[in-house]
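The structure appears below as structure tokens.
Within every chain, numbering begins at 1; the chains are lettered A, B, ... in the order of the sequence lines, protein sequences first and strands thereafter. Not measured: the values here are computed from a predicted model.
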There are 2 protein chains.
Amino acid sequence: MTINRNSKIPYYQQLYEILRSEIEQGGWQPGDLLPPESELISTYQLSRNTVREVMDMLVNEGFIYRERGRGTFVAQPKMEQALVRIINFTQDMQQRGLSPSSRILESSLLTAPADIAEALQVPESAELGLLKRLRLGNQKPMSVEEAYFIHARCPGFLERHDYTRTSLREALEQDYGLRWLRAKQIIRAITAPKDIAPLLQVTSHAPLLMIERVTYAEDDRPAEFLRAYYRGDRYSLYNELNG
Amino acid sequence: MTINRNSKIPYYQQLYEILRSEIEQGGWQPGDLLPPESELISTYQLSRNTVREVMDMLVNEGFIYRERGRGTFVAQPKMEQALVRIINFTQDMQQRGLSPSSRILESSLLTAPADIAEALQVPESAELGLLKRLRLGNQKPMSVEEAYFIHARCPGFLERHDYTRTSLREALEQDYGLRWLRAKQIIRAITAPKDIAPLLQVTSHAPLLMIERVTYAEDDRPAEFLRAYYRGDRYSLYNELNG
DNA sequence: TAGTGGTCTAGACCACAAA
DNA sequence: TTGTGGTCTAGACCACTAA
């Protein structure tokens, strides 16, 4: 991998993709020492500022950390990822040390309910795809997840894959070129709705964490609405704050 | 305000403090156009890289945003602050457009319970200060907040102020020089404990958001343990994620 | 066209860790 | 002492916005 000098993509973004995929694909493991800045400079023929700009991004996102005089290291994946980056259930469970699995509860087309239509910025007559799954960690019910998609943007996606195994995100990116750029989410505490409680094997008084998320694609238009119900006794969120 | 060339504090940190306090103290209002980089460069006699480094920090933290060709502007305070920065109840309520108030439920000294001792990294015999407050938004119960402090680090703080009005954080900073640098928190959904439910005027089945937070001072040692119970029907958390 | 922010370079000196 | 990251400078050219 080298820097493409003719591309319109800035060098720092290219280098970012290179280093991040090296980390995410496992070329470098947590705790590993990264090449020093001087080596990255000569390898990729970039100035120190440009290299450091990329490292700053990776540090801010928690992928790497620096120790003055010693070097730069790959960081341990953090639990807080769930509140910083768009990650899927599989990644989330793995970070928590649980073995993920899924069961499909429903896979259908429907016309958009009012609240979801608004979140997705489509008319209420719009056709949506719905994928409803039970998510398990170590074989025990962890959450119920309802994912709504604008059908016009990804026709036929429901039939294409076995979503017990395939990540929706991967499928959408591969088949339709839909890349998720950012998302907004709301986190609430609720008591288990009547239809959700038995799926999670809890009583209808049980407390749940409900997360509603709107994901935006690269064109900054909403692409997905996700509503997830997590068992309060099995799932919590962790994050770090700055002064 | 100018840059102190003899200080050991890096220029970029000095400029950061200057600009951030200008924004936070209200010298610049949301939507205001900031001076262009060229002006900051000549005003503070710094290079463009140093000025931009500071602006990058403020952009990352959501204080300002840039528009190419137009300028740099002060951002609207975001709701998501509650999941990014350490803010107090008063700021949180104001961001939500609610009028904050408080009632003190308990103010006492105690020996550290096991779980809190561990979080604060003190022995179980350590003496802690406890400040327990009912927090209201628009006069309605919003949360119950229990703040535990290591008494040895701030002796007598309970008697010094009227914590119905004074922020604990301000008091600790002014009286003991304790500045909060960062915090870690866990967010859970629970049903209202028997002793909390009546305070929040909910039944004991009601769902609550429980947030437990350990705050670290500048020396990176734990300074405070906070446990807050929020009414699930009145309080939710919002944040944004990146791809 | 003038002014803004976006990207990039090629240096410099410093503080800290490890050998 | 050597090599690392931390801070800082003084330039350059580009893309976009508004006049």
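Between the side chains of B:Asn239 and A:Gln185, at least one donor-acceptor pair of N or O atoms lies under 3.5 Å.
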Next on the checklist: Using the rule given for salt bridge (charged side-chain N to carboxylate O under 4.0 Å, His left out), can you reason through B:Arg227 versus B:Asp115, listing the C-alpha separation, both sets of side-chain angles and the distance that settles it, and then say yes or no?
Outcome noted: CA-CA 12 Å; B:Arg227 183 182 284 140; B:Asp115 56 338; 3.0 Å; yes
Checklist entry - How far apart are the C-alpha atoms of B:Leu209 and A:Leu209, what are their side-chain angles, what is the distance that settles it, and do they pass the side-chain contact (heavy atoms from CB on, under 4.5 Å) test? => result CA-CA 8 Å; B:Leu209 267 187; A:Leu209 266 186; 3.6 Å; yes
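A:Arg68 contributes no side-chain N or O that forms a donor-acceptor pair with the base of D:dG3 under 3.5 Å. Residue side chain A:Arg48 reaches the base of D:dT7 through a donor-acceptor N/O pair under 3.5 Å, judged by distance alone.
For A:Arg165, the CZ atom counts as loosely surrounded, since its 6.0 Å shell holds 12 or fewer non-hydrogen atoms of other residues, nucleotides or ligands.
Each of C:dT7, D:dC8, C:dG5 was ranked by its minimum atom distance to the side chain of B:Glu37; first place goes to C:dG5. Taking only side-chain atoms of A:Pro10, from C-beta outward, the nucleotide of D:dA18, C:dC8, D:dG5 with the closest atom is C:dC8. Nearest nucleotide to the B:Tyr11 side chain, out of D:dG5, D:dT7, D:dC8: D:dC8. For B:Arg5, the side-chain atoms get nearest to D:dT9 when compared with the rest of D:dT7, C:dT4, D:dT9.
Rounded to an integer number of Å, the gap from A:Tyr12 OH to D:dC14 C1' is 14 Å. The interatomic distance linking A:Tyr65 (OH) with D:dT4 (P) rounds to 17 Å, in whole Å. Atom P of nucleotide D:dT7 and atom CG of B:Leu15 are separated by 14 Å, given to the nearest angstrom. Separating the CG atom of B:Leu40 from the P atom of C:dG5 is a distance of 8 Å, rounded to the nearest angstrom. For A:Leu33 and D:dG5, the CG to P distance is 8 Å, given to the nearest whole Å. Look at CZ on A:Arg66: it is 21 Å from P on C:dC14, rounded to the nearest Å. Between B:Glu39 atom CD and C:dG3 atom C1' there is a gap of 13 Å when expressed in whole angstrom units. What separates NZ of B:Lys8 from P of D:dT7 is a distance of 16 Å, to the nearest Å.
Considering only side-chain N and O atoms, A:Arg52 lies nowhere under 4.0 angstrom from the phosphate OP1 or OP2 of D:dG5. An OP1 or OP2 oxygen of D:dA18 is reached within less than 4.0 angstrom by a side-chain nitrogen or oxygen of B:Arg70. Phosphate proximity of D:dG3 to A:Ser38: absent, as no side-chain N or O sits under 4.0 Å from OP1 or OP2. Listed pair A:Thr50 / C:dT9 meets the phosphate criterion, a side-chain N or O lying under 4.0 Å from OP1 or OP2.
In terms of position on DNA chain C, the residue among B:Thr72 and A:Leu46 whose nearest nucleotide sits closer to the 5' end is B:Thr72. Residues B:Gly69 and A:Asn49 each lie close to DNA chain D; by heavy-atom proximity, the contact nearer the 5' end of the strand is made by A:Asn49.
We find that A:Arg66 and A:Asp56 are joined by a salt bridge, their nearest charged nitrogen and carboxylate oxygen being less than 4.0 Å apart. A salt bridge between A:Arg188 and A:Glu212 is present, with a side-chain N of the basic residue lying under 4.0 Å from a carboxylate O of the acidic one.
Among the protein residues, A:Glu53 comes within range of no part of the nucleic acid, since none of its heavy atoms lies under 4.0 Å from any strand.
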